[in-house]
Every structure is written in C-alpha cells, then in structure tokens.
There are 2 protein chains.
Amino acid sequence: MLRTNHFFLSFIENLHEKQANIEELSLKTFPKGTFLLKQDGRSSKVFIIKEGITKCFFSEENGKDYIVEFLSEGEILGEIEAIRNNNCLCSVETLTDVEAYAINIPFFKQLLEKDLNFQKLLLDELAERLINTSSRASSQQLYTIEYGLKKILELQYKQNIVISKEDMAAYLGITLRSLNRALTNLK
Amino acid sequence: MLRTNHFFLSFIENLHEKQANIEELSLKTFPKGTFLLKQDGRSSKVFIIKEGITKCFFSEENGKDYIVEFLSEGEILGEIEAIRNNNCLCSVETLTDVEAYAINIPFFKQLLEKDLNFQKLLLDELAERLINTSSRASSQQLYTIEYGLKKILELQYKQNIVISKEDMAAYLGITLRSLNRALTNLK
DNA sequence: TTTAGGTTGGGACAAATGTCCTTTATATGA
DNA sequence: TCATATAAAGGACATTTGTCCCAACCTAAA
C-alpha cells in the first residue's frame, strides 16, 4: 500500500557517494504538489525516492483518477518508461516534500547492462509490483469496498500519515460519496 | 488481453534445439483443462507456451474468480514465483490443448544470471505486464462494464476464439448476470 | 430416445454505488 | 475580523450490480 524498497535506497546511496558526475545522478528536493512524472509526457529521468511520499495515478478521460500505489523510501519511478522507451504511463505527484535521486536515462540503462545486482533488484521490484497490482485488482473487483478500506485505514494508523478522503477514494476506485458511506458503515 | 511474446518463443526454441538435457528444458503437451500452476501451490517449473491458450486467474475466498490475463504463444508462466521463491500467486489453467516448454527453476535462474539477452526479455515482459495490469485495473474501476466488454468481444472476433460467458465475466470481474445485461444493452 | 449435466438467458427483488446538491467545518489570505 | 476557498459529511434519488431463481437449450453418455 505504502511501498518502500530499502535495497534500492542503499544501492543508490552507495552509488551516489562514488559518482561525482551530477549530470548522471544527483539528489534533488521537490516541494509538496510537484509532478515528478506527467501522464503521457516524456520523462528524461528515473527517480529513486530518498524521503517523502508520492502518489502514482492514472487520470482517465472521464475526469476520474485511480491511484495505483503510494510510493515512498527507496521506490523507483519512471523505470518502465525508460525500459520500454514509452511516454509516461501515469502521473506521479509528491504528497509531501520529497527528496529523490534523479538518474539520467542513458546512465540508468548503462547500470542495467553492467550491474548484475541492479538488474536483480529491478527484476525483483517489478515482480513485487505485479503481485501487488494484480492481487489488488482482483480483490477490488470481487469484494466490497470495506475490505480495501480497512487496509488503507490501518496503513494510515501504523505509518502515522494522513491521506485525504479524495485520495483514499481514488485509491479504492470509488467516489467520495461511496467512501463516506463505507466509513459510516464501519462504525 | 490475449497476450503473446514471440521474442521469448524464438529464444526458447533456439535454446531447446541446443540443449539436450530434458531434465532442464523439455517440450511437453497438456490437454485442455490442465492446471499448469495451482494457486498457493509450489511450482518446480517455469513454462513458456509454444501453442494454445491458458487463463491466469485468482480464486478468492468468497468463491469468485478473477482472470488476470489470457496467455498464449511465447508467454512465460511461473517466473514471478521463481524469481521471488514464492508459492503460486494464482492458477494457470489450459483452455485448449497446450504445448509448452518446461524449464527447471535452477536452470531458469542460471539463465537469468548468465544470459543478458534473456534478462532483458524478462524485464521487458514484466514491464509490459505491469502496464497492462495497472491500466486495466484503472479502467475497470472507473468505467462502466461496456468499455471492457467491447474489447473482449473484439478480441474473440479478431482471434477467432471462443471464451465462455463465465470466463468473460471472470475477466471483467463481474457476475454472469451482469455480463448478460451488458450484452443485451450493446444490441 | 432418454436422461443428466452444463451453458445460456433473463425475471424480480435487494443491495451497492453514483450523481447531484446542500450544509457544516476548517483553514487561509485580505 | 471577515471573506473566500477547500475538505468533509450526508440527504434524496437514479442507476448499476448482485442474488436467487427458473426456463430453454445443447451435448454426451446410457
């Protein structure tokens, strides 16, 4: 739900210490509300989050949003676009101030070619995302709202974070009205 | 929707010609209705389909099924489980008679370590699956049934295949009754 | 031919969800 | 302080979807 990947984070921190060329790899800060990736736009960087929370979401043509994941420490962004040379699949917006490593795409591709360890990390990460995405799609389709709602409430409690009602609804793929109904039902 | 990957297929066909050890890699046939993977079960093989159609689906505890994808020529199965050493995430059942290459997991892992080309193919495949899975989750949540229904009808027409109503409903994450209603609405 | 099982199609009602709108809080800047 | 915008909560109604049925149809085995 709130995804993190500390293997990635320590990998990139190590690399950042050694790598002096800030054209290729640099640590940047982004205020809350920044779009790191814009759906259908062209991205020139791959990001790995050092600190903060982002949401990764689709904006559909009917004006509704669907949040795929909340990404936090150590999560990678824009890797799919880099691998497949595509425009951005969805948008990624910062929900808090965010510090992230920005990696040039050619440098990212070099890493993939040369560093077996990095490849493995990435393969592992994509596999985990597939597991999350597909099992969530299944349970969202086949269960009532409350099932997913409980999970997102737990998350906020455990991690001590606050997600706006609108974002919660977008994560569940429902309207605000339905979210409110489900919330009163839980009490 | 009906996924194929001809790069994988020619890769594995090449390898199969060279590789004499049938313990590691062999071509097998499975009659319609065979479970190549069983949800929560342990798998000892990774498969690459040579011919035929399979469905990859979750069985939820409430008795409902959700079909993630229909996999056909060149698609790989069980790779996520092999990469992450997990039990099977979902089941894969053959919808027609199927011919598939069965790869021993240790041999699969060796391939991943040694063959840069294979790694790239797999990374590309996982990336594409993420694109499909997440964008489908989004549109299924945010649009009416008819949107997805039209696509699955097109598929059957173009590919000249027949999917049972039950499977169509499971793919759309709805009940048979709702599927029938949507079908009459389309006329 | 008959039977049994599976697939398909749809009626009737209940439950869930969306749409539209209003009201109440809670900020935040003028 | 006031005004204004924004988030949150929920009423009323329409629409969608699910549940529980039953009937028609087809196919394969007896």
Side-chain angles (χ1 to χ4, degrees), chain A residues 31-33 53 55 57-67 70 93-97 136-153 155-157 161-187, chain B residues 31-34 53 55 57-67 70 93-97 136-153 156-157 161-187:
Chain A
K32 175 178 171 175
I53 299 175
K55 65 171 175 179
F57 65 103
F58 287 89
S59 298
E60 298 286 352
E61 288 177 2
N62 59 8
K64 299 179 179 177
D65 286 350
Y66 179 77
I67 296 178
F70 295 102
E93 184 183 351
T94 58
L95 292 182
T96 64
D97 292 349
R136 182 154 79 95
S138 178
S139 62
Q140 273 187 344
Q141 284 290 330
L142 302 186
Y143 286 101
T144 55
I145 290 171
E146 262 132 52
Y147 185 85
L149 179 56
K150 278 180 192 163
K151 283 195 179 173
I152 202 172
L153 289 175
L155 164 77
Q156 293 185 76
Y157 180 73
I161 57 177
V162 177
I163 299 172
S164 74
K165 293 285 157 73
E166 203 178 353
D167 280 347
M168 287 173 65
Y171 182 79
L172 296 170
I174 58 176
T175 59
L176 245 181
R177 187 68 192 85
S178 298
L179 175 69
N180 277 325
R181 263 195 288 251
L183 280 170
T184 50
N185 277 348
L186 276 189
K187 291 166 202 163
Chain B
K32 175 177 171 176
T34 309
I53 300 176
K55 65 171 175 179
F57 66 103
F58 287 90
S59 297
E60 298 286 352
E61 288 176 3
N62 61 7
K64 298 180 182 177
D65 286 351
Y66 179 77
I67 295 178
F70 295 101
E93 183 184 351
T94 59
L95 292 183
T96 63
D97 292 349
R136 182 154 78 99
S138 177
S139 61
Q140 272 188 344
Q141 284 291 329
L142 304 185
Y143 286 101
T144 55
I145 290 172
E146 263 132 52
Y147 185 84
L149 179 55
K150 277 179 194 164
K151 282 195 182 174
I152 202 172
L153 288 176
Q156 293 185 75
Y157 180 74
I161 56 176
V162 177
I163 299 171
S164 74
K165 293 284 157 71
E166 204 178 353
D167 280 347
M168 287 174 65
Y171 182 80
L172 296 169
I174 60 176
T175 60
L176 246 181
R177 186 68 191 89
S178 298
L179 175 68
N180 276 326
R181 264 195 286 251
L183 280 171
T184 51
N185 278 348
L186 276 189
K187 294 164 200 165

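To find a chain, count down the sequence lines: A is the first, B the second, and so on, and within it residues start at 1.
Taking the side chain of A/Ser178 as heavy atoms from C-beta on, and the options C/dG18, D/dT17, C/dG11, the nearest nucleotide is C/dG18. Picking from C/dG9, D/dA8, C/dG18 the nucleotide with the shortest atom distance to the side chain of A/Ser164 gives D/dA8. Closest approach to the B/Lys165 side chain among C/dT8, D/dG18, C/dG18 is made by C/dT8 (side chain taken as heavy atoms from C-beta onward). When distances run from any side-chain atom of B/Thr175 to the nucleotides D/dT19, D/dG11, D/dA9, the shortest one goes to D/dT19. Comparing C/dT19, C/dG9, D/dC20 by their closest approach to the side chain of B/Arg177 singles out D/dC20.
Donor-acceptor pairing under 3.5 Å, judged by distance alone, is present between the side chain of A/Arg181 and the base of C/dG18.
Using a distance-only test at 3.5 Å, with no hydrogens or angles considered, no donor-acceptor pair links the side chain of B/Thr34 to the main chain of B/Thr94.
Counting heavy atoms from C-beta on, the side chains of B/Phe58 and A/Gln141 never come closer than 4.5 Å. B/Arg136 places a side-chain heavy atom less than 4.5 Å from the side chain of B/Tyr171. Side-chain contact between A/Leu153 and A/Met168 is present, with at least one heavy-atom pair separated by less than 4.5 Å. A heavy-atom distance below 4.5 Å is not found between the side chains of A/Ile161 and A/Phe70. In this structure, the side chains of A/Leu95 and A/Asp167 come closer than 4.5 Å at one or more pairs of heavy atoms.
Across residues 142-152 of chain B, not one residue has a non-hydrogen atom less than 4.0 Å from an atom of DNA chain C.
The distance between atom CG of A/Asn180 and atom C1' of C/dA16, rounded to the nearest whole Å, is 15 Å.
Note that the two end axes of the helix from C/dT1-D/dA30 to C/dA30-D/dT1 enclose an angle of 30°, each drawn from 5 base pairs, rounded to 10 degrees.
Nucleic acid contact for A/Leu183: none, since no nucleic acid atom lies under 4.0 Å from a heavy atom of the residue.
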